[in-house]
Amino acid sequence: NIFRIAGDLSHLVSIFILINTINVKKSAQGISLKTNILYAVVFVTRYVDLLYSYTSLYNTLMKIFFISSSIYTIVMLKKYSKNIQQYNDDFKIEYLIAPSFVLGLIFNHGFKFSEILWSFSLWLESVSILPQLFMLQKSGESQLLTTHYIFALGLYRALYIPNWIYRYFAEGRFDKLAITTGIIQTLVYSDFFYVYYQKVIKNIGFSLP
Amino acid sequence: KNSQPLKDEL
């Protein structure tokens with residue numbers, strides 16, 4: 001359906017903006033390495049099913065793309081973040097990983113290793129942007145491209161919400177776990193979305209309070 | 001309703 005395609009495209013766009021920004025500027029300035037490490041963990045743990053199940057060519061190609069681009073991003077960010085004197089990427093990611101794992105143990109579609117990993121990846125994804133938002137807040141202002149990247153990334157999960165509503169009515173399917181974590185993720189972004197709307201859409205520079 | 005996980009999504 002249209003919401004899901006739009007969500008996936010938004011996700012792709014966010015990655016292209018990110019990689020392009022890093023490569024053009026040859027700098028990791030303003031971009032959180034920790035957030036990108038978390039996303040790599042999210043993709044690897046969620047897409048282990050590549051090894052034993054097949055949905056569609058689209059699905060497989062997208063999964064391979066998301067895993068490989070997230071690892072590529074980490075390599076590039078590592079390379080360029082060394083040159084930055086004040087790199088405010090100091091969010092404690094263990095505070096995100098450990099609770100996500102516990103939530104994965106409690107809420108899952110069956111107490112199996114693969115299901116726990118899948119649930120863990122959903123919980124972790126919902127909060128993975130926090131180091132990036134934290135960094136943005138600390139530095140006070142940011143490059144326009146970085147905010148477009150964060151916006152496109154947030155939009156992807158937000159668009160999945162109407163997709164889930166559509167699927168509930170069209171296919172009678174709903175996944176409480178995916179929907180709950182998707183809503184949490186969108187809520188985590190809500191303050192950013194508001195500021196983005198105020199500053200970028202209304203075209204007046206960008207800075208977080 | 002079918003509450004199967006939506007594993008066909010990304």
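Predicted model, so just to flag it, every value in this text is computed and none were measured. Every heavy atom of this structure was used, including side-chain atoms; hydrogens, water molecules and symmetry mates were not. Convention: sequence-line order gives letters A, B, ...; per-chain numbering from 1.
Within 6.0 Å of CZ in A/Phe65 there are more than 12 heavy atoms belonging to other residues, nucleotides or ligands. Atom OH of A/Tyr54 has more than 12 neighbouring heavy atoms from other residues, nucleotides or ligands inside a 6.0 Å radius. Other residues, nucleotides and ligands place no more than 12 heavy atoms under 6.0 Å from the OH atom of A/Tyr194.
Taking each heavy atom of B/Leu6 and A/Trp164 in turn, the nearest pair found is CD1-CD1, 3.3 Å. Across all non-hydrogen atoms, the minimal contact from A/Tyr160 to B/Leu10 is OH-N, 3.4 Å. A pairwise comparison of heavy atoms in A/Thr55 and B/Lys7 identifies OG1-O, 4.3 Å as the closest pair.
In this structure, the side chains of A/Asn163 and B/Glu9 come closer than 4.5 Å at one or more pairs of heavy atoms.
No other option in A/Trp118, A/Tyr58, A/Phe66 has as many heavy-atom pairs under 4.5 Å with chain B as A/Trp118.
By a heavy-atom distance cut of under 4.5 Å, A/Arg4, A/Asp8 are the residues of residues 1-8 of chain A near chain B, going up by number.
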